[in-house]
Novice: 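Structure incoming, see below.
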Amino acid sequence: MSPLEYMQRAYELALIAAKEDEVPIGCVITNPITGEIVAEAYNLSQHSEDATAHAEIKAIQQACRRTGQNRLRGFDMYVTLEPCTMCAAAISFARIENLYFAATDAKGGGIISGVKFYQQPTCHHRPNVYCGLMEAECSALLKNFFQQKRKTQN
């Protein structure tokens, strides 16, 4: 599979999240050597009543269980939105090799927005970061989701 196909799968997971009234963010972790998707997840914070149940965290947990290791060296992550600082730290601790994300998050992002976690001297591992793959689609999904939320609250 290609990076575009992996991001497409992350987008499909984000659509599932939206249908379940979760913030529509999807994530997949791949083994680039085999091409296998080793984990996939979407946000579950609302339904699990867990502020840490972000797609990235859930995918890292699943990948670690599946591989039987606490580090994911050499693995790639594809996520539909720029990870927050919590998720950026988890990605670093997991030693993800390459991080691909679609849309930037000016308010909550922690990589190229906000605190820029990977640029901090206390960051021990910095993945290679690629952004913009399917940005328009993923950004539109999030904007539409929050527009609908605001309409139903009024």
Side-chain angles (χ1 to χ4, degrees), residues 1-20 22-135 137-139 141-142 145:
M1 290 177 69
S2 70
L4 182 60
E5 291 170 304
Y6 293 128
M7 188 62 79
Q8 178 64 41
R9 178 61 187 149
Y11 179 76
E12 291 166 3
L13 293 164
L15 290 171
I16 294 169
K19 288 178 185 164
E20 294 185 11
E22 292 281 353
V23 175
I25 299 171
C27 179
V28 299
I29 296 177
T30 67
N31 179 335
I33 294 170
T34 65
E36 174 188 21
I37 293 176
V38 296
E40 56 181 40
Y42 52 86
N43 272 17
L44 286 169
S45 295
Q46 296 298 321
H47 288 78
S48 65
E49 297 176 339
D50 178 357
T52 67
H54 291 195
E56 301 94 324
I57 301 291
K58 302 305 285 179
I60 289 169
Q61 291 170 339
Q62 186 184 112
C64 287
R65 280 191 305 272
R66 187 161 182 206
T67 63
Q69 54 192 14
N70 69 341
R71 299 284 191 255
L72 301 170
R73 288 180 180 88
F75 287 71
D76 296 342
M77 177 182 281
Y78 296 80
V79 63
T80 56
L81 182 67
E82 176 183 0
C84 69
T85 304
M86 174 184 71
C87 292
I91 292 162
S92 176
F93 292 141
R95 305 298 194 262
I96 296 287
E97 183 76 21
N98 296 298
L99 169 63
Y100 299 82
F101 66 85
T104 58
D105 185 355
K107 289 184 181 180
I111 296 171
I112 63 172
S113 307
V115 301
K116 299 176 181 164
F117 184 80
Y118 300 141
Q119 295 178 24
Q120 302 306 312
T122 54
C123 180
H124 299 292
H125 170 76
R126 293 164 182 84
N128 301 310
V129 176
Y130 307 93
C131 63
L133 189 62
M134 290 186 62
E135 181 176 13
E137 299 92 325
C138 295
S139 181
L141 177 61
L142 284 155
F145 177 81

Novice: What closest approach, in Å, do Leu4 and Leu133 show between heavy atoms, and which atom pair accounts for it?
Specialist: N-CD2, 4.0 Å
Novice: Step by step, work out the side chain to side chain contact (heavy atoms under 4.5 Å, CB included) result for Leu13 and Val28.
Specialist: CA-CA 9 Å; Leu13 293 164; Val28 299; 3.7 Å; yes
Novice: Using the test side-chain contact (heavy atoms from CB on, under 4.5 Å), find all partners of Ala53 that sit at least two apart in sequence or belong to another chain.
Specialist: Leu44, Ser45, Ser48, Asp50, Lys58
Novice: Taking only residues two or more places apart in sequence or in another chain, which ones pass side-chain hydrogen bond (donor to acceptor under 3.5 Å, both in side chains) with Arg66?
Specialist: Glu36
Novice: Would you check if the side chain of Ser92 reaches a backbone N or O of Ala88 as a donor-acceptor pair within less than 3.5 Å?
Specialist: no
Novice: Can you tell me how far apart CZ (Phe117) and SG (Cys84) are? Round to the nearest 0.5 Å.
Specialist: 11.0 Å
Novice: Heavy atoms only: give me the nearest Ala59-Ala39 pair and the separation to one decimal.
Specialist: O-CB, 3.3 Å
Novice: Restricting to side-chain hydrogen bond (donor to acceptor under 3.5 Å, both in side chains), what partner residues turn up for Glu137, sequence neighbours left out?
Specialist: none
Novice: Can you pull out every ring pair (Phe, Tyr, Trp, His ring centres under 6.0 Å) where at least one residue sits in residues 71-114? Sequence neighbours excluded, please.
Specialist: Tyr6-Tyr78, Tyr78-Tyr100, Tyr100-Tyr130
Novice: Would you check if Val38 and Thr30 make a side-chain contact, meaning some heavy-atom pair closer than 4.5 Å?
Specialist: no
Novice: Sequence neighbours left out, what pairs pass side-chain hydrogen bond (donor to acceptor under 3.5 Å, both in side chains) with at least one residue falling in residues 7-19?
Specialist: Arg9-Glu12, Arg9-Glu40
Novice: Working note: Met77 + Leu99, criterion side chain to side chain contact (heavy atoms under 4.5 Å, CB included); need CA distance, chi angles, decisive distance, verdict.
Specialist: CA-CA 5 Å; Met77 177 182 281; Leu99 169 63; 3.9 Å; yes
Novice: Taking side-chain hydrogen bond (donor to acceptor under 3.5 Å, both in side chains) as the definition, give me every residue that meets it alongside Thr104, ordered by chain and number, with sequence neighbours left out.
Specialist: none
Novice: Starting at CD of Gln62, measure out to CD1 of Ile57 and round the result to the nearest 0.5 Å.
Specialist: 13.5 Å
Novice: Could you walk me through whether Leu142 and Ile25 pass the side chain to side chain contact (heavy atoms under 4.5 Å, CB included) check?
Specialist: CA-CA 8 Å; Leu142 284 155; Ile25 299 171; 4.3 Å; yes
Novice: Examine distances only and state if a side-chain atom of Glu20 and a backbone atom of Ala17 form a donor-acceptor pair shorter than 3.5 Å.
Specialist: no
Novice: Would you say Cys138 and Leu81 make side-chain contact, with heavy atoms under 4.5 Å?
Specialist: no
Novice: Mind jotting down which residue pairs meet the ring pair (Phe, Tyr, Trp, His ring centres under 6.0 Å) criterion with at least one end in residues 33-66? Sequence neighbours excluded, please.
Specialist: none
Novice: Tell me whether Asn43 contacts the main-chain N or O of Ala55 through its side chain, where contact means a donor paired with an acceptor under 3.5 Å.
Specialist: yes
Novice: Going by heavy atoms in the side chains, are Thr80 and Leu141 under 4.5 Å from each other?
Specialist: no
Novice: Does any part of the side chain of Leu15, heavy atoms only, come nearer than 4.5 Å to the side chain of Pro24, both counted from C-beta?
Specialist: no
Novice: Can you list every side-chain hydrogen bond (donor to acceptor under 3.5 Å, both in side chains) pair that touches residues 116-125, not counting sequence neighbours?
Specialist: none
Novice: Do any pairs count as a salt bridge (Lys or Arg N to Asp or Glu O under 4.0 Å) and have a residue in residues 22-35, sequence neighbours left out, and if so which ones?
Specialist: none
Novice: What residues form a side-chain hydrogen bond (donor to acceptor under 3.5 Å, both in side chains) with Asn98, not counting sequence neighbours?
Specialist: Asp76, Asn128
Novice: May I have all residue pairs that pass salt bridge (Lys or Arg N to Asp or Glu O under 4.0 Å) and include part of residues 119-129, sequence neighbours excluded?
Specialist: none
Novice: Could you give the distance from CG (Leu72) to OG1 (Thr67), rounded to the nearest 0.5 Å?
Specialist: 5.5 Å
Novice: Please set out all donor-acceptor pairs under 3.5 angstrom arising from side-chain atoms of residues 106-113, sequence neighbours excluded.
Specialist:
| from | atom 1 | to | atom 2 | distance (Å) |
| --- | --- | --- | --- | --- |
| Ser113 | OG | Glu82 | OE1 | 2.9 |
| Ser113 | OG | Asp105 | O | 3.3 |

